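Computed from a predicted model, the values in this text were never measured in an experiment. Heavy atoms only: backbone and side chains are in, while hydrogens, waters and symmetry mates are out. We name chains A, B, ... by the order of the sequence lines, and we start the count at 1 in each one.
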There are 2 protein chains.
Amino acid sequence: MSPGKPRMSPPLPSSRKTPTTTLDAGDRPYHHGDLRRAIVETASAMLREDKGWKFTLREVARRAGVSHAAPYKHFPDKAALLLELALRGFDQLGQELQAAITPRPRSARKEFLAVGGAYIAFGVANPALYRLMFSGDAGDPRVAHLSERALSALGVLLDMLTRGQASGAFRRRPLQGQAAACWAQVHGITMLSIEGLLMPEKVGTTPAQDALETLLDGVLA
Amino acid sequence: MSPGKPRMSPPLPSSRKTPTTTLDAGDRPYHHGDLRRAIVETASAMLREDKGWKFTLREVARRAGVSHAAPYKHFPDKAALLLELALRGFDQLGQELQAAITPRPRSARKEFLAVGGAYIAFGVANPALYRLMFSGDAGDPRVAHLSERALSALGVLLDMLTRGQASGAFRRRPLQGQAAACWAQVHGITMLSIEGLLMPEKVGTTPAQDALETLLDGVLA
DNA sequence: ACCTGAACACCGTTCAAGT
DNA sequence: ACCTGAACACCGTTCAAGT
């Protein structure tokens, strides 16, 4: 598609800007301020652009306006950058789940559907990021950090189930097992949706919603 | 790990064997009989070996004992070979689901757990293949063939749900939605298990089983 | 008809060298 | 301290040439 495309922006020998301590979003501090952040942001943008994108370290460097070796001063290797992106993804997911129930819905049922819906919406809105988060492309000891961060993102889910069980709205089951069931369900729905295998055309209504409600039947008391 | 490893088997200029019409498993027809099948089998073996394996066309050719350009006479590109592997995966999955209920369990409940358990067991036993089947690495129009084949593999699931609803054991719900719920659940459990995120240590008992039974609660009448 | 070898445009990663 | 340029060992893919 893009063979031999020209350098998109020459190294611009502009005046060195003092490293801003405030996180100015519109800044381009590139190869003099903090390249590390520029790399992460460029990579995030690439992840956001296209779900079928082949993620390349050299392409990140190109778009950040630095040489292809520069990133190695900030990340030991490609996997380390991917790990950072994945971790940020889990943090973002956690925030969105929290936001989905900040004006807390009155019924446990509505709360359940709000959290589940927000989870699926996040994955479908950020397919490349979501797949990265679960792809294992970020190395294997990554699991240590990742699963920790993933579990923390799921804190909202655990709290919700705890409340539901306490109020008597949900069946009293071992919390971890019930949480695993819910996580697996929304993860499965999200993944199949991203891959285009849960097509609303082939199915009556929206299968994602149906699947969520079928699980809800198993959770409600 | 393996830099510059020597050719593992020289082209052996043995007597040309007549192309066997019967599928002799122990044969090595390699670069004179049907290379196509040799490539597929070599690739399958590589997929079976290691879940973290980086699948390389050149490596397949190396292990099949042919030049790295030879596969292009049988597959237009790498994606085409991966597609073939994925399709075979879905066929195998379909067979295993069928086998799981060939002496049909007496209760709908047992049948449900047998099918679900077989699905998860297949994925966990063939992690690289399972991930390939859902990874989108096999191109995109692939979805046309793939989803067709995937749905056909899920025929066993649909039949089971139909029987369960007919007998009154399962809730009467739109079949496609209920099937989507079940598929998403087993897919989610399988994926999370493969990635090592459903660790039995962290959870009381086996979370996969718990998750399956929680869904079952939502399916049972 | 089927396969090889050299070639091209890429990668990830390393390292001496520049500022 | 941070970045560049050349270099190495790989890829996927193409193509003329061999048998």
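- A salt bridge is defined here as a Lys NZ or Arg NE, NH1 or NH2 lying under 4.0 Å from an Asp or Glu carboxylate O, and B/Glu41 with B/Arg48 fails to meet this definition.
- To the nearest angstrom, P of C/dC2 lies 11 Å from CG of B/Asp34.
- Regarding A/Glu59, its CD atom lies at a distance of 7 Å from the P atom of C/dC11, rounded to whole Å.
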Exercise. What one-letter contact string describes nucleotides 13-19 of chain C from 5' to 3', where B marks a base within less than 4.0 Å of any protein heavy atom, S marks contact via sugar-phosphate atoms alone, and - marks no contact?
Worked result: BBB----

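- Atom NE2 of A/His74 and atom P of D/dC2 are 7 Å apart (whole Å).
- Per the geometry, CZ belonging to B/Phe75 stands 12 Å off P belonging to C/dC3, to the nearest Å.
- In this structure, the CD1 atom of A/Ile39 is 11 Å from the C1' atom of D/dC3, given to the nearest Å.
- Note on A/Thr56: only backbone sugar-phosphate atoms sit closer than 4.0 angstrom, heavy atoms only; bases stay farther off.
- Taking side-chain N and O atoms only, B/Arg36 has no distance below 4.0 Å to OP1 or OP2 of C/dC3.
- In this entry D/dC3 has no Watson-Crick or G-U wobble partner, no candidate having both defining distances under 3.5 Å.
- Between B/Arg131 and A/Glu195 there is no salt bridge, since no side-chain N of the basic residue sits under 4.0 Å from a carboxylate O of the acidic one.
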Problem set entry | Full working for salt bridge (Lys or Arg N to Asp or Glu O under 4.0 Å) between B/Arg63 and B/Glu49 | CA-CA 13 Å; B/Arg63 295 183 38 164; B/Glu49 273 171 21; 2.5 Å; yes

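- Using Watson-Crick or G-U wobble geometry with both donor-acceptor distances under 3.5 Å, C/dC11 finds no partner in any strand shown.
- The pair B/Arg88-B/Asp91 does not count as a salt bridge, with every side-chain nitrogen at least 4.0 angstrom from each carboxylate oxygen.
- Taking a cutoff of 4.0 Å between a charged side-chain nitrogen and a carboxylate oxygen, B/Glu84 and B/Arg37 do not qualify as a salt bridge.
- For B/Phe134 and B/Phe90, the gap between ring centers is short of 6.0 Å.
- Separating the CZ atom of B/Arg62 from the P atom of C/dG5 is a distance of 14 Å, rounded to the nearest angstrom.
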